[in-house]
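Report on the following structure.
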Amino acid sequence: MGQICKSCLYSLTLTYLLFRPAEMSWDFILPVCSDDLVKSGAVNQYVVQDVLSIKQLNSHINSFKAALRSQGPLCILEHFDTAYSVLHYISHNVSQCSLFSVVRGLSVSLPTLLLSGSLSAVDRKQQLNAVKMSVFLLCKLTETLESDSYRETIVTAPSKGRKKDKAAGKGLLQWDSERETVLQCLTQLLQLDIRTLWSLSLVEEEFVSCVTCCCYKLLENPTINHMKSKSTRDAIIHVLGIMVKKYNHMLGACVKVIQLLQHFEQLASVCAQAVASWSSEYGVKVIVGEIMREIGQKSSEELAREGSGVKAFSSFLSELGTLVPETMIPNISVLLTHLEGESPSLRVAVCEVLGEVLVRVLSGDQLDDSARSSRDRFLDTLQEHIHDAHSHVRARVLQVYARVVNSKALPLCRYTEVMELTVGRLGDKSVHVCKSAIQLLAAFIAHNPYSCKLSSVDLTNPLEKEMAKLKDMRDSQKEQVPVAVITAADLWDAMKPELEMTVKAQLEPGSEEEENEEEEETGGEEERSDRDTALQIAQLLRESKYRKAVGLCIRAHSLYPESLFYSDLADLNAETLIKTLATLFKGPEQETPQAVSSDAPPTPQKEGGGNDGRESELKKQEMLVQYLKDTESFALQVERAIAVINNMLYWKTTTIVQEAVQFCVTAFEFSVANSVCGVRKMLPLVWSTDVTIKDAVIQAYRRLYLNPHGDNTRAKAQTLVDNLSDLTIDASLGTVQCLEEIVQEFFSSESALQTSVVQVLWERFSGRRETKALHRRAAVLLLGMAARAEREVVLSNLDTLCSVALGEKVAEDYLLARDTLITIANITDHVRQSKGVPFRLPMDHHLFSSLSQAIADGVVQSDPHWQTFMEQAVRLIYFLAESPDQLCSRLLQRSAHLLLEQITEGGEPNQSQLQEGGSQGSEEQVNCVSLAQVLSLCGAVAFWQVSHLERSVSAELRRRRGEKEEEEEKEKAPANKKEANDSCVEEELGLVGASAEDTEAEIIRKICETELLSEGNMLSAFLPLLVKVCSSPGKYSHPQLTTAACLALSQYMMISPAVCKDNIRLLFTVLEKSPLPVVRANTIVALGDLTVRFPNILEPWTPNLYARYTAWFCSYFFNENSSKYSNSSDNAIYNLLPDIISRLSDPERGMKEEDFNTIMKQLFSYITKERQTESLVEKLCQRFRTAKTERQWADLAVSLSLLSVCERGFKKLQECWDCYSDKLAEPGVYQPLLSIAAKLRRRAKPQFKAQVEDYEKRLTAVHTKGLENVENEEREQQTGDAQSQNLKTPQPQKSVRKSTRGRSKPKLHDSDLVTPRKSRSRPKPAITFTSDEEEEEDAVMAESETPKVTTPIARTRRTRLRH
């Protein structure tokens, strides 16, 4: 069959306007359903006479096209049945073309007809029918195509590994491109004033519904909120906006928006955009209030039934608040009721709306009283919900506050209060709340209105100073007697009556003689100016000398006739004289000319007129003090937050760590006290395995230290060096190692500051600029860090390092010399790690001579920092010298010689340096400190000698062997094929290299065992002395000497198994009996190294080694075990936990209840998986059956309460009710189980919450009434219910397990759980240490106490020295 063109349908309705229609007697009534058109309706109602079949459509469509061309769009009136038939058979895959030309023709031709005003009633009726017919066909066709498109999308959706149907896809793309065109054509038509076609311009509701239902149908498309559908979405909103504004669709739109939100959660954003557009662009602001009222009137029960609709309402309100917050203010009160509701998402939405209103409407200083009241009320509401019961609400409220603070919309008076609440949220159990709290605190610091430097320490002095000043101002104000301020006008009014009488008396004829007398008294007016005379007159009036003042005023007019002060006296009378006097006393009135006022004399005031100025100053001072107090309070809150956030840097949650890092950076930039602690604490995170955390720390340090500000390169370099130096000073070894990574990365990258930074560092180290000792040490350490990336930074200036730090003044600062040696050693790191020829300096190099001199001279001194310098010096000698053993041998000889010289030449020793205790003999003359330093030097040489042999010498042997083998392979090839094959097999098996390495290892071992401590070696000379000092603690009791001797002895024992075996008993004696903690600590570390190096010798002493370990070791063991199996199902703690509980709660052990709870709390912290928790709930409940005592019941109940029970675990707890229900009478069982229910109820959903409450009621009933009474009541209730339902269909009865209390229990099989029998094993002897007993002078373990070798441990092929 031929294709049926739908464009005929559309173009038909367009062109009907081009031709005048004939008179008609029927009306087209828009049907509710399309099928209603084929039914007979009312009188004169149009009815479709015949629905054509598919076979008939082709011919009728051809005639319809011909009529469209000849008659225009009015042919729709005659051919509507054909168009309706096409619409009726769309589902039969009849192809369609568009109706766009029809609707577009209507929009073009209809305005002329509507504006002409010449339409008759018949013509108007025909035009209206044509409009309704064309709109009906267009809308119904659009709805049908949209439904078919959605159906095809679902049916033809490609599955995995399957391609999409091209034909179906082509149809979808065609409709997607035409959808927007339909809406544009519909918009053009509806924008016309077609309401005049209806009677009284009242558009029928069916027409409005036909258009709007089509638009809402398009909105239901799942892809309507995608970015690609934006133009279609905007067109739909535009059409609906026209309908709302022009066609009275406001109430219908409100209802439809609510329905869309209830059924289509994804339309929340689209509906918000639509409502905002209708409110702002179309001026229908009432619709916002109507929709808000509809949502606000929904009860909690209705919202509970909504399901996804609640989330849609919440998203809609939040989005609407961001678009039109000012329009929501009048009706926002209807939403506040949801803040007390059960839905957390609605509470969040209302809080977000309040936040948007505060930021965009109720902000600034120009608010009126009503707006300020609303702002304060909204802020109070938000502040209450910082402690909301739901964590999501708490987190979002903090985020709202962060937006308010970032927008500077939070009043200053609320900063301290909100800050305090936010700091409290740092301890929230929810990770999201903690994260939001950190973000808000960072916003507070970044946008604080107080100061750019927030240090409470720096604010203390200014605050105290200003408070003292305020106190003085208040005291001075209290001392002053308050004087009423009387104005000149008040004085004039008081003197005016008497002055008028004086004026009249002066103007009388008999007063000339008196005037002559006054002239004599006040002579010399000619010498004064008119202004001076005016001042004198005013002064006379103040002194109540009215007669003299009046006389002087009269004479002044004759003396100064042109003066403006006396110009009114040209006509001398009482009135003008009074007026002139008033002007001279009070000053000119407002209407006085400017010239007069400018020359007028100052009006005198009585004392006390300066009080206004003092009060103003006092108010300013009070405001300043209050500002400083607020600033200090804010700074203290920030410092309190830093102490908490610094501990969050090592949380397991990545997002929390990232926020903590950013907060530390912000706090440091604002110079908050103790902020540098957080910056240092996060530095080790550069080694984190989490890439995001590592990058965050690196970026933080770049921002703080590696991107300095300055006017030029030199200033930037100095700032960078200052920053890094402050971080290096007093830093631990771990911090320095982490900082090396940051500095090495800076010098590895190409930066314009590198050269300037290196120059500034050398200037500080060399002392060219006046620098503190700490900054000099920091400079040389930073140079060493730079040397890791660029070796020549240090190597080219080696002489400078030696002359500055290792020269004649080395004894003045051993710490600077030590750090210099560390820097020099850094140039050998990459060399030792490479396979090339090792970098070494000759023995006669200036560096080694300086080191030898400094070490030897320091032996006979008592500088506390010499020890660390010596250790680094010996280490550097073995790293860089060609023959380090020879250098160190000479060094030992020289040091021993200087010590002997001190003994022989020193005469009477310094009593403060001698050993304590007053021992007799020549040993009393020994300087204990010098001897201790010599022994420390011996130990360091012994340690690094072994390290040198096993690392450097061994590596050099391997390198030379490799070079030799390569040369041999090049010189000769295998003699024959068989030899070649044999050599290849040996190489694959690793036999060639292994045998050579074994030979080299044996050589090294032989040297250590036979040569290092032979009689000809310098080290062997000190071994007897070490043994004697360690074995005689009573004679050699000096702490430094004892510490050095014991450490050196342990280092000697690392050399050979013979020395280790001979002195192992002595070392364990020192471990047991030494009163010095540092000696015991060093011994423990040494024994650990010896255990790895000589396991067969240390194996019998293992019990003695671990006897000193405490509960900390057990906690560490469990922590390591838990982390090892955190992602594995094989969790040993989980598997053994029930048995551990049974053993610890055994009455025979007598463990205290507090200790049991502490242990269980630690163990249960390792149970994190829900499935493990569920299983443990069941296992522990089953243990109630075998437990016999109340204490065991209580321990099991406490253990259950320590688990993080979820919904599945609670169901398991209910299933095991019979295991523990008969023991609920005991408070020790009832209270822990009740706490489980309380925890579950707080975070439960409504349905699950009801189950928890029923469980709580049942627990309480059994605890108070007893199990049997409760079961009897339940049984009677079930019997009554069964009798009342006898007439109904019978159901199978539910079996009820009865209580076993007071009845015989079922017999248990032997394999079942049985109460453990009383243990009859002998009590284990307690391990005691003789360090608590009285010490002997010479204390060594007896031979009988020495353990014998029981099980030999196979020695590995090669045991390396541990460092």
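None of the values given here were measured: they were computed from a predicted structure.
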By side chain to side chain contact (heavy atoms under 4.5 Å, CB included), which residues pair with [X], not counting sequence neighbours?
X: Ser343; result: Val310, Ser345, Leu346
X: Ala574; result: Val503, Leu507
X: Gln662; result: Arg703
X: Arg714; result: Asn712, Gln718, Gln759, Val760, Glu763, Arg769

Acceptor/donor pairs from residues 354-361 side chains to any protein atom, 3.5 angstrom cut, sequence neighbours excluded:
residue, atom, partner, partner atom, Å
Glu356, OE1, Arg403, NH2, 3.1
Glu356, OE2, Arg403, NE, 2.9
Arg360, NH1, Thr322, O, 2.0

Below 4.5 Å, heavy atoms only, C-beta onward: do [X] and [Y] meet side chain to side chain?
X: Met648; Y: Leu426; value: yes
X: Thr422; Y: Val418; value: yes
X: Val431; Y: Ile656; value: yes
X: Ile386; Y: Arg394; value: no
X: Ile537; Y: Phe585; value: no

* Residues in ring pair (Phe, Tyr, Trp, His ring centres under 6.0 Å) with Tyr415, at least two apart? ->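 Listed in chain order: Phe444.
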
With distance as the sole test, does [X] use its side chain to make a donor-acceptor pair with the main-chain N or O of [Y] at under 3.5 Å?
X: Arg702; Y: Asn707; answer: no
X: Thr631; Y: Tyr627; answer: yes
X: Thr580; Y: Thr576; answer: yes
X: His447; Y: Ala443; answer: yes
X: Gln621; Y: Glu466; answer: yes

* Mind checking side chain to side chain donor-acceptor pair (under 3.5 Å) for Ser318 and listing every partner two or more places apart, or none if nothing turns up? =>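 Ser318 satisfies side chain to side chain donor-acceptor pair (under 3.5 Å) with Glu352 once adjacent residues are dropped.
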
* Please name all residues satisfying side chain to side chain donor-acceptor pair (under 3.5 Å) with Lys716, sequence neighbours left out, ordered by chain then number. =>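 None.
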
* Asked: Using a distance-only test with no angle check, is there a side-chain donor-acceptor pair under 3.5 angstrom linking Gln626 and Asp630?
  ->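 A donor-acceptor contact under 3.5 Å links the two side chains.
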
* **Between Gln383 and Glu417: side-chain donor-acceptor atoms closer than 3.5 Å** =>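 Note: Gln383 and Glu417 side chains meet the donor-acceptor criterion.
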
* **Arg425/Asp428 under salt bridge (Lys or Arg N to Asp or Glu O under 4.0 Å): CA gap, chis, key distance, verdict** => CA-CA 5 Å; Arg425 287 299 90 206; Asp428 201 287; 2.4 Å; yes

* Asked: Under the side-chain hydrogen bond (donor to acceptor under 3.5 Å, both in side chains) rule, what pairs show up with a residue in residues 327-338, not counting sequence neighbours?
  ->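 Of all non-adjacent pairs touching residues 327-338, those that pass side-chain hydrogen bond (donor to acceptor under 3.5 Å, both in side chains) are Arg293-Asn331.
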
* To do: Check step by step if side-chain contact (heavy atoms from CB on, under 4.5 Å) holds for Asn647 and Lys681.
  => CA-CA 9 Å; Asn647 296 327; Lys681 193 171 184 178; 3.0 Å; yes

* **Shortest non-hydrogen contact between Val661 and Val697, atoms and distance** =>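 Looks like CG2-CG2, 4.2 Å.
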
* Asked: Does anything in residues 374-412 pair up under ring pair (Phe, Tyr, Trp, His ring centres under 6.0 Å), and if so which pairs, sequence neighbours excluded?
  ->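 Sorted pair list comes back empty.
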
* salt bridge (charged side-chain N to carboxylate O under 4.0 Å, His left out): pairs with one or both residues in residues 371-382, sequence neighbours excluded ->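 Qualifying pairs: Asp380-Arg414.
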
Which atom pairs, donor and acceptor, lie under 3.5 Å between side-chain atoms of residues 493-501 and protein residues at least two apart or in another chain?
none

